[in-house]
Protein chains: 2
Amino acid sequence: MTIYDISEKAGVSIATVSRVLNGSNNVSEKTKKKVLDVINQYEYTPNAFARGLGLNTMKTIGIMCADSSDPYLAKAIYYIEQKLRANGYDSILCCTGYDLDTKASSMNLLITKKVDGIILVGSNFIYEKEDDNKYILDAAGQVPVMLLNAAMDAPNVYSIVSDDFTSMYDATMEMIRSGVEDILYFYNSTSYSGKKKLAGYRAAMEEKGLLTNGSFLQLYQGSHEDIPAMADQLLKLHAKGITFHGVIAADDSLALGALKYAREMKLRIPEDLAIIGYNNSMLVNCCDPELTSIDNKLETLCQHLITTLMGVLGGSEMPKKTVFSGELVKRGTTK
Amino acid sequence: MTIYDISEKAGVSIATVSRVLNGSNNVSEKTKKKVLDVINQYEYTPNAFARGLGLNTMKTIGIMCADSSDPYLAKAIYYIEQKLRANGYDSILCCTGYDLDTKASSMNLLITKKVDGIILVGSNFIYEKEDDNKYILDAAGQVPVMLLNAAMDAPNVYSIVSDDFTSMYDATMEMIRSGVEDILYFYNSTSYSGKKKLAGYRAAMEEKGLLTNGSFLQLYQGSHEDIPAMADQLLKLHAKGITFHGVIAADDSLALGALKYAREMKLRIPEDLAIIGYNNSMLVNCCDPELTSIDNKLETLCQHLITTLMGVLGGSEMPKKTVFSGELVKRGTTK
DNA sequence: ATGAAAGCGCTAACAA
DNA sequence: TTGTTAGCGCTTTCAT
C-alpha cells in the first residue's frame, strides 16, 4: 500500500494525500476526510525510508553506552529512551564495550544510519589523550553529540554533568567530621567523572592534612558484578597491614564490596567501618545496614539532556555545559 | 557526497560504484581499486535511506522490553544487542512499560520503521486473554517475532524459554528434602513465565501434601527496586500469625526482600529461614549470606534466540519453540 | 485548493 | 566487465 494506491482510491493526487499526511492546512475539510477515510480503511502507513530519503531525517537518536547491564547506565538509558519517545523520537541503542576502536566504529555506524543526534551515556567515552577523542569531534561535525556525565568543549558537543567533585568533597568532609580520619578511596574508573570524584576526595583529605598514605587509593579493575572480588582486594590490603575505618566508594557496587569485606572481618558498621557509596542506586537497600550513598540525580540529568537536545535540533541556542549538584543520602553505613 | 559524485570522480558509472560498494565480484581489480580510492579520499558513506528504499530493509531489529532498568531485562538486552551487532544487525530499543496499549503502539512504531524482526524481551508481553495478544499476531504478519521467556503458538512467532516449571519444581523439592516444609512462595508477576514458576512450586508442594494454606502464596505488587517494601509485606504476614521457614522467590530482588525480613526478625539463615531466588543475577552476591538462586541461562537463551532469528531471516525452517533447562546454584541461604 | 512533476540516493535488471 | 535506466515511496516546488 503506497501513497499512489491511496490517491487513486480517494480520487485525488498523491500530493494531496501527502498534504493530509503531513497536516498541511491547504486541504479542504471535505477532501481531507475523504483521504483519511481511505487511509484508515486500508490501514496505510507511510514508508519511513522514502520519507527519510526526502527529508534526510528519521527522527531517531543514537544512544551509545559501554555496557547496558551496568545498573546505573541501564537506568540512564531507560530515562533517556522514555523521554525521547515522549518527544517523538526513537532510539537506536549501541552497547559498545570499553574499547576505543569499537566505540569509534559504532559511532560511524550510527552516523551512517542517519541518526539526528548521538547521546554518549557515561563518562568513559572521553579519553585522556586529545587524539583519542577525535571520533567525537568527527561525529559532532554531522550531528549534535550529547554527553551524560562527561564534558568536552567542542562545537556541537553538549555536556550534562553532575558535580562529582563537590559531591565527593562534601561526602569526604562529612565523614571526617564524623570522626573517621583514615578513609580509603575505592574506585574503578579513571574516566572524566572518575577523576572528578577522586579529586573531590583528595581535596578534602588534603585540606584536613590527612592525605599521607598512597595505598589509601585503591583501584579495582574487575567486573562491576563481582562483589566478592572487590571484598578480596580489601582483605588483601588488610593483610598487608593497612588499616582504615572509612571507605568512600566511587560506585555503589564497590561499596557493597567494602560491606562484604567488613562482614568477613567481623567489623561493626558504621562503628568500625563507615562506608559511603555513589549513585544511590537500587543496590543501596539490598544490603544490611542500608548504604549511605550520593544521589547524583540521574533522572534530572537525563531530562535536561533531552530538553537540551530537542532545543538544539529545533535550532535554538543551548548551553554547552550544564552542571547539577548531587546530594548525600544518609543511611545505616555512616554515623 | 553521493554515488553520482563518486562515479564521476572515478570515471565510471554509478552501477560500478554500487557494485564495489556491495562487494560484487563482477568488477575488475583495477576499477575496483580506482573506485575504492575515491571513496576513501572523500570519506563517502552510502545513504541508508536510499538503500533501504530499494531493498526495503535496514538490517535493523526492534527490541521491546517493559523496563530496561530491571537488571535481568537489562542483561538480556545487553546480550541480544551484542549478538545482533555481531551478525551485522542494529537494534532499535523500545522500553514500553507494562501497559498493553503502549506495547501495541510501540509495536506499530517499530513496524513503521521497517525493522526486519521484533524481539520481545520478558514474559509480560503475553496476556491471558487471547484477544490481548492480537497485537503480536498483527506484527507477526509483517516480520518474525521472537519471544524471550514467553511462548505463543502462532505463525511467524518463535519462542525461546527456560523451563521455569521444572526449575521451580526441582528447587521446591530440594528445599523440602532439606527439611523445610512450610515454604512461602513470593512472586511479583503472573506473566507466562510467572505462571510456570508458580505451577512448579505448586506441583512440588502438592506432591508432598504440603499445599494447605492459601496465604503461602504471596503476590508482591510494588516496584522491583523497593526491597524494604517487600520485607514489609512479609513482616505484615508474620504479624498476622502466618509462619514459614522457607521462602522461594520468583525473582532475586524478592529474595533480597525476604532476606531483609529475616534480618529484621533476627532470624538465622538458613536455619530459621531458607531462601531461594530466581535468575542468579548480580544481586546474589550483594547480600550476606549469598543467595541460593536458580540460573536460567540467560546468555544461552539469548544466543539461541539470535541464531534462530538469523535462521528465519535467512529463509531457513527454524524450531518454533526451544526450551532450555535451568540450574539451582546453591549458596548460603539454603542448607 | 489541487495536481503535475522533479528530485532524494541507491539497487538491480537489462543491454552492450 | 561495464553502463543505462527504471523503479523504490515520499516531499515539495511550481503551475493551475
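All figures in this text were calculated on a predicted structure; none of them were measured in a lab. Hydrogens, waters and symmetry mates play no part in the numbers below; they use all other heavy atoms, side chains included. Proteins get letters first, then strands, A, B, ... in listed order; numbering begins at 1 in each.
Spacing between atom NZ of A/Lys114 and atom C1' of C/dC10 amounts to 12 Å, rounded to whole angstrom units. Rounded to a whole Å, the CG atom of A/Leu55 is 12 Å from the P atom of C/dG9. Nucleotide D/dT5 holds its P atom 16 Å from the CD1 atom of B/Ile3, rounded to whole Å. The CZ atom of A/Arg51 sits 21 Å away from the P atom of C/dC10 (whole-angstrom rounding). Going from atom CG of B/Asn47 over to atom P of D/dC8 covers 18 Å, rounded to whole Å. Computed from coordinates, the A/Met58 CE to D/dG9 C1' distance equals 13 Å when rounded to whole Å. Rounded to a whole Å, the CG atom of B/Asn56 is 17 Å from the P atom of C/dC10. In this structure, A/Ile39 atom CD1 and D/dG9 atom C1' are separated by 14 Å, rounded to whole Å.
Positionally, the nearest nucleotide of DNA chain D for B/Glu29 lies more toward the 5' end than for the other of B/Gly54 and B/Glu29. If you find the closest nucleotide of DNA chain C to A/Val12 and to B/Tyr44, the one lying nearer the 5' end belongs to A/Val12. Between A/Ala50 and B/Gly11, the one whose closest nucleotide on DNA chain D sits nearer the 5' end is B/Gly11.
Electrostatic pairing of A/Lys33 and A/Asp37 counts as a salt bridge here, judged by a charged N lying under 4.0 Å from a carboxylate O. Between A/Asp90 and B/Lys113 there is a salt bridge, since a side-chain N of the basic residue sits under 4.0 Å from a carboxylate O of the acidic one.
A sub-4.0 Å separation between OP1 or OP2 of C/dA1 and a side-chain N or O of A/Thr31 is absent. Within the 4.0 Å cut-off from OP1 or OP2 of C/dT11, at least one side-chain nitrogen or oxygen of B/Asn22 is found. For the OP1/OP2 pair of C/dG3 and a distance below 4.0 Å, the side-chain nitrogens and oxygens of A/Ser13 include at least one atom meeting the criterion.
When the nucleotides C/dC10, C/dT11, D/dG3 are ranked by their closest atom to the side chain of B/Thr16, D/dG3 comes out on top. Proximity note for A/Ile14 (side chain, C-beta onward) versus C/dC10, C/dA5, D/dG9: the nearest is C/dA5. Residue A/Arg19 has its side chain nearest to D/dT13 when only C/dA12, D/dT1, D/dT13 are considered. Closest to the B/Ser28 side chain, of the nucleotides D/dT2, C/dG9, D/dT11, is D/dT2. Distance from the side chain of A/Asn26 is smallest to C/dA1 among D/dT1, C/dA1, D/dT11. Checking D/dT11, C/dG9, D/dG9 against every side-chain atom of A/Thr2, the shortest atom distance belongs to D/dG9.
Of the residues listed (B/Leu309, B/Ile160, B/Ile77, B/Val145), the one engaging B/Ile119 in a side-chain contact (heavy atoms from CB on, under 4.5 Å) is B/Leu309, and it is the only one. Tested against B/Met64, the residues B/Leu110, B/Leu93, B/Val121 include a single side-chain contact (heavy atoms from CB on, under 4.5 Å) partner, B/Leu110.
A donor and an acceptor atom never sit less than 3.5 Å apart when one is taken from the side chain of B/Tyr4 and the other from the base of C/dC8.
The residue A/Phe49 sits apart from the nucleic acid: no heavy atom pair falls under 4.0 Å.
A cation-pi contact, defined as under 6.0 Å to the ring centre and within 45° of the axis, is absent between A/Lys103 and A/Tyr135. Relative to the ring axis of A/Tyr158, A/Lys321 does not place its NZ or CZ within 45° and under 6.0 Å from the centre.
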